[in-house]
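In the text below, chain A, chain B and the rest are named by the order of the sequence lines, each starting its count at 1. Because the structure is a prediction, the values reported are computed rather than measured.
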Number of protein chains: 2
Amino acid sequence: MEEVDHLAPERNKAQFDVEAMKIVWAGSKHALEVSDRMARLVASDPAFGKDDRTRLSRKELFKNTLRKAAYAWKRIIELRLTEEEASRLRYYIDETAYTDLHWGMFIPAIKGQGTEEQQKKWLPLAYKMQIIGCYAQTELGHGSNVQGLETTATFDRKTDEFILHSPTLTSSKWWPGGLGKVSTHAVIYSRLIIDGQDYGVNGFIVQLRSLDDHSPLPGITIGDIGTKFGNGGYNSMDNGVLQLDHVRIPRDQMLMRVSQVTREGKFLKSDVPRQLAYGTMVYVRQVIVSDASSALSRAVCIATRYSAVRRQFGSQDGGPETQVIDYKTQQNRLFPLLASAYAFRFVGEWLKWLYTDVTQRLQANDFSTLPEAHACTAGLKSLTTTATADGIEECRKLCGGHGYLCSSGLPELVAVYAPACTYEGDNIVLLLQVARFLMKTVSQLGSGKKPVGTTAYMGQVEHLMHCQCAVRRGDCHLESSGLRVSGPQVI
Amino acid sequence: MEEVDHLAPERNKAQFDVEAMKIVWAGSKHALEVSDRMARLVASDPAFGKDDRTRLSRKELFKNTLRKAAYAWKRIIELRLTEEEASRLRYYIDETAYTDLHWGMFIPAIKGQGTEEQQKKWLPLAYKMQIIGCYAQTELGHGSNVQGLETTATFDRKTDEFILHSPTLTSSKWWPGGLGKVSTHAVIYSRLIIDGQDYGVNGFIVQLRSLDDHSPLPGITIGDIGTKFGNGGYNSMDNGVLQLDHVRIPRDQMLMRVSQVTREGKFLKSDVPRQLAYGTMVYVRQVIVSDASSALSRAVCIATRYSAVRRQFGSQDGGPETQVIDYKTQQNRLFPLLASAYAFRFVGEWLKWLYTDVTQRLQANDFSTLPEAHACTAGLKSLTTTATADGIEECRKLCGGHGYLCSSGLPELVAVYAPACTYEGDNIVLLLQVARFLMKTVSQLGSGKKPVGTTAYMGQVEHLMHCQCAVRRGDCHLESSGLRVSGPQVI
């Protein structure tokens, strides 16, 4: 049968400069070039193929991922890729792997919370992948409530060591990616105990497995927590469980940028403000918002193309049926998701600015905008990941029965994105934090404390209560002048 | 560690008779007894185990399902189970399989659309599983629009045969469960063509594979359409693709209860009213609504137990944290789903009554309630399956990170239920049908045509417009008297 390009007529209808939009979407001409080049590199190399991903057993899938990650590392070195290029390469390989945590959490934790000396010791090993690290915070019984973590790191003055211990079943580390099979090291979050006193949760670098034969070190019980939602998805990741039975590490493996324990067992706070940690959180959430846009855009792209090709009902005189993209019920579900993918892309850029702004203020010891910045990132993380998870599933449904087949690509997108609503702050818990911030801001309006950033408009509440939106009909929203506010009441 | 029953205290708080509720839920004491006995039979037999289901490759999973289905058939015969018992046994085996279509679609199609003679010939073979059948309606390019099916069955007067043919790629049969690997026969829906004239879509019994060596018969191209959403789920089903290249079948393999083609090639309508088909649709949708309740109740059960066991935040003086079931945010999401599972159970019972009522009326040539019954079943199918699919996913999220693990059971429930929103009438298309019926009913109010059944209240529109709901505060809804309607305006 002759192949017909069913999409060309739709593409020809574009009323904007597609090439210019590509650059806006990528962020810059340079970013587009890098992205494009890495995409081609991955697509043209059969070693990165993923056609069989949904058919493999868990074991075969995981082996494949190990092969791919090792091969990617080899190519990165052979081609002398920059960190930007390597990161895009990993993005297009499109398979969750222990390397995500090694590069995305283990290294940043040491960079952010380690002293200069610690960074000098550990980062070169990590950069060369002579050690592989993961990030062990969540426990079987403790997720959102980080202050409830049970794992202890008790200082032993005699030997100048910390003793890491899991006192209960619920204190088992649970979920860390890379932990189950691959990692040789972990940053483990534990309650710091000195002389029976609890100094709260701190990070410790702990070796898990032998660098000779990869076997777990004494006192360490470790394993994979089993299959996760979906075909492929996070099943290529070795999310793990870890129990520590009085595991000893040298004192200098506590990450000591913010707090220190001296040889004498004295607990010290450094002059680095503890709020610096918020800077990292703003950064991580900015990445999550950008990822939401990217994930949603992939699903929307599939659903939009399908809607242009698929025809159903409405045949006139035996002619072709109507393209489903021309049905209002399809448009009403699909187009807002397309718009959201763009909106999340641009609000992600704004969060990058917010990160720079917060970082500069923190360095100048200005903490005044932190609560508002925290509420913004919490709210946007929750909003964009919920909308994206629901949106991808909606795109799957918009492809009818065909969206249920793995060959549509959508089931994998649904399953691999789902945990974004839970990790880095459960979305419901985050919204409660935003609500608390907003209530507090409103209650302080009379006190002379000026609301800042995105809430600054609340300072004008008296004036705003007397304004009125000029929009009278729906299509006024399409005129920029319709958005001006004037008159006696805003709704 | 000592095992603690964390659920016992919650269970002890029940303020209703749990044993009595079990009977209400099952439908009768007898149904509860059968259900319970079959559940134990499955649970106690390792051959029905499903622990490894999410770890297997597609091929191994499918082989396992074949083994289980054959073993179940052996046990059904050995234990001389009744059809009711066998059906509950298959329910508890809890694995989609070709047998679902054989018993649930192939046999009912022959029963409903076959003549007595056809039933006598084919049903005994099917009951003994000497032939295995599937139901081939949907095509690659044609789902909701059944009238758009392209497969043709052309009558050849010379040989007294029909020639079945797939003229295009889009006319390939696509999706039928049991087709890909197992079925020997299918009921295939095709356009009936006699002397170049198109008599619309009819069902034909077609043999697909040899009963000797299971190879596809001449002219038949057949295969499995690949992996589907989720771990396990429908991957134990061999949904298939079928192309027919001028396949000949004897004339008496057209299902002829409603329409016939004579030896001379004359097309006849029997005196069996065509509307009888609606009776079957009401029946199928009643089953879907009952299934929705059953699927949702499984997810709600897991999420409720988890919520009682899981604790997070709110520790007082180092005591245990708060059970998440005691948080309003958890209750507001979980309890309406629990209530919905019960509501769908009872509306399913009402649909059983509606089916009986419609059937009796059809037999008396009373078609007056058909449009309303059709709207009810379409609306309830759409409402309950959408709410259930979304509700199961919400239950998954209510279990936090743990709901993402297959060991929670929830990912499989999500994936196996998802297609219910698409099959047997796409939910959006069905809602449009309901909307059309409602608009028509309203527009006919003045014409003297009385609205019937669930829309009968519209006949009192004049009166109702002057009524007012007595509820003034939220808690009035808890008093049955609050639901009375009186006074001048209802909202």
Side-chain angles (χ1 to χ4, degrees), chain A residues 1 54-61 138 140-145 147-148 168-169 174-175 225-231 234-235 239 310-315 321 329-330 333 389 393 396-397 400-407 410-412 414-415 418-419 421-423 426-429 431-432, chain B residues 1 54-61 138 140-145 147-148 168-169 174-175 225-231 234-235 239 310-315 321 329-330 333 389 393 396-397 400-407 410-412 414-415 418-419 421-423 426-429 431-432:
Chain A
M1 283 171 228
T54 63
R55 284 194 300 274
L56 299 174
S57 67
R58 172 84 206 289
K59 197 168 171 179
E60 273 310 320
L61 176 67
T138 299
L140 185 60
H142 311 279
S144 293
N145 185 14
Q147 296 315 314
T168 59
L169 182 65
W174 190 267
W175 275 117
I225 58 171
T227 359
K228 285 140 285 183
F229 189 22
N231 326 76
Y234 270 87
N235 290 308
N239 299 89
R310 176 74 169 184
R311 292 167 179 274
Q312 206 76 183
F313 291 112
S315 165
E321 294 172 273
T329 46
Q330 191 85 353
R333 295 160 73 198
E393 169 64 10
R396 199 187 64 66
K397 289 202 189 104
H402 295 288
Y404 193 64
L405 277 175
C406 290
S407 52
L410 289 162
E412 279 201 89
V414 170
C421 297
T422 309
Y423 62 51
D426 175 271
N427 283 359
I428 302 293
V429 174
L431 287 184
L432 289 173
Chain B
M1 282 172 229
T54 63
R55 284 194 299 274
L56 300 174
S57 67
R58 173 83 206 290
K59 198 170 172 178
E60 274 310 320
L61 175 67
T138 299
L140 185 59
H142 311 280
S144 293
N145 185 14
Q147 296 315 313
T168 58
L169 182 65
W174 190 266
W175 276 117
I225 58 170
T227 358
K228 286 139 284 182
F229 189 22
N231 326 75
Y234 270 86
N235 290 308
N239 298 88
R310 176 73 170 186
R311 292 167 180 273
Q312 205 75 184
F313 291 111
S315 165
E321 294 172 275
T329 47
Q330 191 85 354
R333 296 160 73 197
E393 169 64 10
R396 198 188 63 67
K397 289 203 189 104
H402 294 288
Y404 193 64
L405 277 176
C406 290
S407 52
L410 289 162
E412 279 202 89
V414 170
C421 297
T422 310
Y423 62 50
D426 175 271
N427 283 358
I428 302 292
V429 174
L431 287 184
L432 289 172

*asked:* For A/Phe229 together with B/Phe229, are the ring centres under 6.0 Å from each other?
replied: yes
*asked:* At a 4.5 Å cut-off on heavy atoms, which part of A/Leu432 comes close to chain B: side chain, backbone, both, or neither?
replied: side chain
*Donor-acceptor contact below 3.5 Å, side chain B/Tyr404 vs main chain A/Thr422*: no
_Residues which pass side-chain hydrogen bond (donor to acceptor under 3.5 Å, both in side chains) with A/Asn239, listed by chain and number, not counting sequence neighbours_ = A/Lys228
*Side chain, backbone, both or neither: which part of A/Asn235 has an atom under 4.5 Å from a heavy atom of chain B?*
side chain
_I'd like to know which of A/His142, A/Arg311, A/Gln147 tops the heavy-atom pair count under 4.5 Å against chain B._
A/His142
*Using non-hydrogen atoms only, which part of A/Tyr423 is less than 4.5 Å away from chain B: side chain, backbone, both, or neither?*
neither
_Close side-chain approach of B/Leu405 to A/Ile225, heavy-atom, < 4.5 Å_ = yes
_Residue among A/Leu140, A/Thr329, A/Asp426, A/Val414 with most heavy-atom pairs under 4.5 Å to chain B_ = A/Leu140
*Do you know which of B/Glu60, B/Arg55, B/His402, B/Arg58 has the most heavy-atom pairs with chain A at a distance under 4.5 angstrom?*
B/His402
*Looking at A/Cys421, A/Ala418, A/Gly314, A/Pro419, which makes the most heavy-atom pairs under 4.5 Å with chain B?*
A/Pro419
*In sequence, state the C-alpha distance, the side-chain angles, and the governing distance for B/Ser57 and A/Ser57, and then conclude on side chain to side chain donor-acceptor pair (under 3.5 Å).*
CA-CA 4 Å; B/Ser57 67; A/Ser57 67; 5.7 Å; no
*asked:* Using a 3.5 Å distance criterion without hydrogens, assess whether the side chain of B/Gln312 forms a donor-acceptor pair with backbone atoms of A/Gly141.
replied: yes
_Contact winner vs chain A - B/Leu56, B/Ile428, B/Leu61, heavy-atom pairs under 4.5 Å_ = B/Ile428
